[in-house]
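All chains are named by letter (A, B, ...) in the order of the sequence lines, taking the proteins before the strands, and each is independently numbered beginning at 1.
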There are 2 protein chains.
Amino acid sequence: MIADPAARRDVPDATVARLPEYLRALTDLAGRGVASVSSEELATVAGVRSAKLRKDLSHLGSYGVRGVGYEVEVLAHEISRQLGLAQNWPVAIVGLGYLGHALATYSGFANRGYHVVALLDRDPEIVGQEIAGMIVGSVDDLEQVVTGHGVAIGVIATPAASAQEVCDRFVAVGVRSVLNFAPCVLSVPQGVHVRKVDLATELQILAFHEQRKTESVRESRPLLEVSP
Amino acid sequence: MIADPAARRDVPDATVARLPEYLRALTDLAGRGVASVSSEELATVAGVRSAKLRKDLSHLGSYGVRGVGYEVEVLAHEISRQLGLAQNWPVAIVGLGYLGHALATYSGFANRGYHVVALLDRDPEIVGQEIAGMIVGSVDDLEQVVTGHGVAIGVIATPAASAQEVCDRFVAVGVRSVLNFAPCVLSVPQGVHVRKVDLATELQILAFHEQRKTESVRESRPLLEVSP
DNA sequence: AGATGTTTGTGAACGCACGCACAAAGTCGC
DNA sequence: GCGACTTTGTGCGTGCGTTCACAAACATCT
């Protein structure tokens, strides 16, 4: 029954990174009225191999029934709990350009265990606007807002030049988890967790593979040099 | 020494994923007038360990000078070339909600080896609008646009419900690299490369670690369980 | 020129993650 | 109740990625 304390201690990072995808797949299935799935089926929907899925889930505990499969509701609830989505984390978003705008209105946030409690920007043109049912506040009030709402996770969607300063202010008032969309490396003290998402990076990785594909067709042709 | 043909064949995926960050760091340094860096300095700016950086770069060839370091311009140009950024890949973006809007106006795309050649949407309200200096076209013309511009990379920023259909149409007209922002798994034939970015996923991974932190605080009190 | 100092490039050891294959554990039919 | 079938959970081998540590290679100073 209570295998949690032992199992929960060390969930591999690679597994953690896949849990949200499993949860999304399970939510899909639940929405379609599916009550039970095998690891094979769920793996297909989630885009992984069944063996990997089973090993991942085994790190959370034993929530399947041999010979039957997993109960969708039960497993979804368990993953949800492990990810801490029951806690409705208060999130603050700084920087409301198009990207911040997208994040604020992203239904995935509100519906998946998060609660955007504050939108902040530096531009007086943007401050005061209503976005996703909220009034954009001034970044000057960052400390007050974070403390007041007990913000645990800070989202940075500012230009790279402002990112470090915003991050420092987040950290100074106790935020220990930061999601950074600015194309720069943030330096933070030990114990603060930063995840970075760079849209251009993803494209560049794709471009690398794309080039390899076209290269293997042309095979060993000299590239043209660029003269400055 | 031309070590390229041998070295270029197998660049580890993990290394490829870091190359864009190195390139960004080098561009930063070049902009600040730095001409030469050691692996230690560059690693700090890029947020990795120097040993890892050196091993990564060694997969591209030998572009450093022992006892001195790397020439910023030379290394940047080399990574740029390996990533295929000299080719100005034509990119098409489908789905111009706030996220698609953000992608279209993202300066990182235009300035880093990409050329957004088409914006497409299904909503008649959005078709015809001007975004980032381009007129949004109808998704009905997807095949024509892709073929006409020789689009190699397709970006999907639609709702999940439409993503697979758009993907299929991309693939049908020869696109082999897809960047998917929709929260769903795309199924594609062998040889087509898909990268997925899900904004909610990143938050959930952060939440997991955040929960672990707060748990370890609460559980530090009942260290000893009552045993029978 | 030789000695000294610095930094790269890499062989080797280690650790993590993935896939395989199978025993364990359950269901179902009779 | 028992055998056949299904599916989970996992021990193990393998391969990849990271880190360490050092020799090779270059610059600089005397």
Using 4.0 Å as the upper bound for N to carboxylate O, is an ion pair formed by D28(A) and R24(A)?
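Yes, this pair counts.
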
Would you say Y70(A) reaches dG9(D)'s phosphate, i.e. side-chain N/O to OP1/OP2 under 4.0 Å?
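The answer is yes; a side-chain N or O of Y70(A) sits under 4.0 Å from OP1 or OP2.
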
Counting only heavy atoms not in [X], do more than 12 fall under 6.0 Å of its [atom1]?
{"X": "H193(A)", "atom1": "NE2", "result": "yes"}
{"X": "E73(B)", "atom1": "CD", "result": "no"}
{"X": "R169(A)", "atom1": "CZ", "result": "yes"}

For DNA chain D, the residues among residues 26-42 of chain A that have a non-hydrogen atom under 4.0 Å from it
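Only S38(A), S39(A) qualify.
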
Derivation and outcome, salt bridge (Lys or Arg N to Asp or Glu O under 4.0 Å), residues E21(B) and K196(A)
CA-CA 11 Å; E21(B) 188 61 39; K196(A) 187 189 166 193; 2.3 Å; yes

Would you mind reading off the distance between [X] atom [atom1] and [N] atom [atom2], rounded to a whole angstrom?
{"X": "D10(B)", "N": "dG17(D)", "atom1": "CG", "atom2": "C1'", "value": "13 Å"}
{"X": "L53(A)", "N": "dT8(D)", "atom1": "CG", "atom2": "P", "value": "8 Å"}
{"X": "E78(B)", "N": "dT8(C)", "atom1": "CD", "atom2": "P", "value": "17 Å"}

Side chains of D56(A) and Y22(A) only: does a donor on one sit below 3.5 Å from an acceptor on the other?
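Yes, because at least one side-chain N or O of D56(A) sits under 3.5 Å from a partner of the opposite role on Y22(A).
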
Give a yes-or-no answer on whether the side chains of E71(A) and S36(A) include a donor-acceptor pair shorter than 3.5 Å.
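No, because no side-chain N or O of E71(A) sits under 3.5 Å from a partner of the opposite role on S36(A).
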
Checking the side chain of D13(A) only, and the main-chain atoms of A17(A) only, is there a donor and an acceptor separated by less than 3.5 Å?
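Pair absent, no side-chain N/O of D13(A) close to backbone of A17(A).
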
Quick one: what's the B/S/- string for nucleotides 18-29 of chain D, heavy-atom cutoff under 4.0 Å, read 5' to 3'?
BB-B--BBBS--

